[in-house]
Each structure stands twice: as C-alpha cells, then as structure tokens.
Amino acid sequence: MPLSEYGSNQFSLEAALIPEYQIPSQSYLLAESLDELRTLNEHAELGAPLLSVGLRLIPDAFDADALTGVRVSELPALAPEVRRLGTLTVRGCFVRGKLDGLHGKALGRFFRAAYESAKQMTVILPCAMPYLCVEGGLAALAYNRTEHPETLDEAITAAQIVAMQNQTAFMRSC
C-alpha cells in the first residue's frame, strides 16, 4: 500500500498541548505498533529523506486494554527493531492513557507521566523529538472544569508545567 493511503493516520502538530507554539506546516505519519512502523518502512522510498513518524505511547500506570499504542514497558524490546528500519525516523510522541474520571492531582500525574514517557522514549529508542502531544488532555481538563471545578487549578498547573518542559526539552531538537 502506498504511503498516500495512510491518510487516516496523518496528523498535524495542531493537536499538541503547547501554548503559543507556532505550528510547522509539515505532516507526519502516526504509528501505533512495530508492525505499523515496519509497514511504513517497507513503503517509504529508498534514497529519499527519512520519513518522519510519530509513535503513539501509553504510560503503564494509565494503561487500559482497549487502548492502542506502544506501552512504555515495551520500549526496550522495540528499540533494536526500530533501529533496523532504514527509511524512517521517530520524530514525535503522542501519549494517551485511561483518563476517565481523572481530575486534579490524578490528572496532573497523567500529564507528568506523559512527559516522562516521552523523555524515556527519546533515550531508549533513541530519537530526536521536536514535540510531545498529550492526547485527550484538553477533554480531561474540560471534564475537570465541569465535574470537579475545585481541583481544576491543580490539573492546569500540571499541564502548564508539562507544556513548558515540552518547549524547553523537546523544541530545541527541531
């Protein structure tokens, strides 16, 4: 299957939780497993610039069976395989987790786990990463605001800290 048929897996950096960030116009492909990475690698053009791919990652503490993506605990086993893929490079991290009912400090722990998971990925794979996207973070904050407004400040503070860490840690590698 040609790469153009992976349109449903393309994403824009607009989804990233980074305040006041100027979004590059480049699109990337998103992979949720080693098999998807292998497929993208097989269909990329040899001799062309490396294909930039984002990897969907799930922190182990926020895992749920229904979630698709690579578990953080799977990264050490995945790393040698990713290094063998010669036509692509992992350049982004989309972190998701089970967020149902999380608010306040618990939601803040997810934001911190997302950031730490992305940092681990850059070391274990290794890869350069210009951004981190926390999937579902804004919906969880909206739930927090509606259902538990008394804890919203705690969750927002944690999200802002991760956004600042994102800008200082990852944005330098763009």
Side-chain angles (χ1 to χ4, degrees), residues 9-19 21 23-24 28-38 40 51-85 88-144 151 154-174:
N9 279 349
Q10 286 193 342
F11 60 87
S12 169
L13 297 181
E14 294 171 355
L17 178 63
I18 307 171
Y21 176 60
I23 300 164
Y28 297 83
L29 294 169
L30 178 61
E32 296 185 340
S33 67
L34 178 58
D35 286 340
E36 286 186 4
L37 287 169
R38 285 180 179 143
L40 292 170
L51 180 65
S52 294
V53 177
L55 190 60
R56 181 163 279 141
L57 198 60
I58 302 169
D60 295 324
F62 296 91
D63 194 2
D65 290 337
L67 294 175
T68 58
V70 174
R71 275 63 184 166
V72 171
S73 58
E74 297 171 345
L75 285 174
L78 183 77
E81 297 292 328
V82 170
R83 288 186 197 111
R84 288 188 199 106
L85 304 175
L88 59 84
T89 180
V90 176
R91 296 283 297 161
C93 184
F94 271 52
V95 180
R96 66 169 26 168
K98 183 174 178 11
L99 303 180
D100 299 343
L102 291 185
H103 60 90
K105 289 181 182 176
L107 182 54
R109 281 191 293 278
F110 172 72
F111 284 120
R112 286 188 296 281
Y115 177 74
E116 291 302 321
S117 297
K119 274 182 59 176
Q120 281 184 278
M121 188 176 100
T122 64
V123 172
I124 293 171
L125 287 187
C127 61
M129 187 178 343
Y131 66 93
L132 154 68
C133 177
V134 179
E135 290 186 10
L138 295 178
L141 285 170
Y143 165 82
N144 195 146
T151 66
E154 293 170 319
I156 288 175
T157 297
Q160 289 172 332
I161 290 169
V162 168
M164 291 304 296
Q165 290 172 320
N166 190 13
Q167 286 181 323
T168 58
F170 297 132
M171 296 307 294
R172 282 187 245 161
S173 58
C174 286

* To do: Using the test side-chain contact (heavy atoms from CB on, under 4.5 Å), find all partners of A77 that sit at least two apart in sequence or belong to another chain.
  => none
* Asked: Considering all heavy atoms of both residues, which atom of G137 and which atom of L99 are nearest to each other, and what is their separation?
  -> N-CD1, 4.4 Å
* Asked: Under the side chain to side chain donor-acceptor pair (under 3.5 Å) test, which residues partner T151, sequence neighbours left out?
  -> H103, N144
* Structure fact -> All heavy atoms of G108 vs all of A158, minimum pair found to be CA-CB, 3.3 Å
* Atom pair OG (S33) and CD (E36), whose distance is rounded to the nearest 0.5 Å -> 4.0 Å
* Evaluation steps, side-chain contact (heavy atoms from CB on, under 4.5 Å), between F110 and V162 -> CA-CA 10 Å; F110 172 72; V162 168; over 6 Å; no
* In Å and rounded to the nearest 0.5 Å, what is the CG to CG distance from L57 to L75? -> 5.5 Å
* Nearest-0.5 Å distance, CD of residue Q160 to CZ of residue F111 -> 10.5 Å
* **Pairs where residues 116-134 contributes a residue and the test salt bridge (charged side-chain N to carboxylate O under 4.0 Å, His left out) is met, not counting sequence neighbours** => none
* To do: Only one of L107, L141, I161 passes side-chain contact (heavy atoms from CB on, under 4.5 Å) with I156; say which it is.
  => L141
* Structure fact -> Between the CG atom in L67 and the CD1 atom in I58, the distance rounded to the nearest 0.5 Å is 4.5 Å
* To do: Provide the full list of side chain to side chain donor-acceptor pair (under 3.5 Å) pairs with a residue in residues 57-81, sequence neighbours left out, each pair given once.
  => E32-T68, R38-E81, D60-S73, D63-R71, T68-R96, E81-R84
* To do: Would you give the length of the straight line joining atom CD of Q120 to atom CG of L125, rounded to the nearest 0.5 angstrom?
  => 11.0 Å
* Asked: Mind checking what makes side-chain contact (heavy atoms from CB on, under 4.5 Å) contact with A142, not counting sequence neighbours?
  -> none
* Using the test side-chain contact (heavy atoms from CB on, under 4.5 Å), find all partners of A118 that sit at least two apart in sequence or belong to another chain. => C93, M129, L132, F170
* Show your reasoning for whether side-chain contact (heavy atoms from CB on, under 4.5 Å) applies to V70 and M121. => CA-CA 10 Å; V70 174; M121 188 176 100; over 6 Å; no
* Asked: Where do L40 and A31 come nearest, in terms of heavy atoms and distance?
  -> CD1-CB, 4.3 Å
* Asked: Is there a side-chain contact between T89 and S52, using heavy atoms and a 4.5 Å cut-off?
  -> yes
* Asked: Can you tell me how far the CG atom of L55 sits from the CG atom of L37, to the nearest 0.5 Å?
  -> 6.0 Å
* To do: Kindly write out the residues that satisfy side-chain contact (heavy atoms from CB on, under 4.5 Å) with R109, not counting sequence neighbours, or none if the list is empty.
  => F62, K105, A106, R112
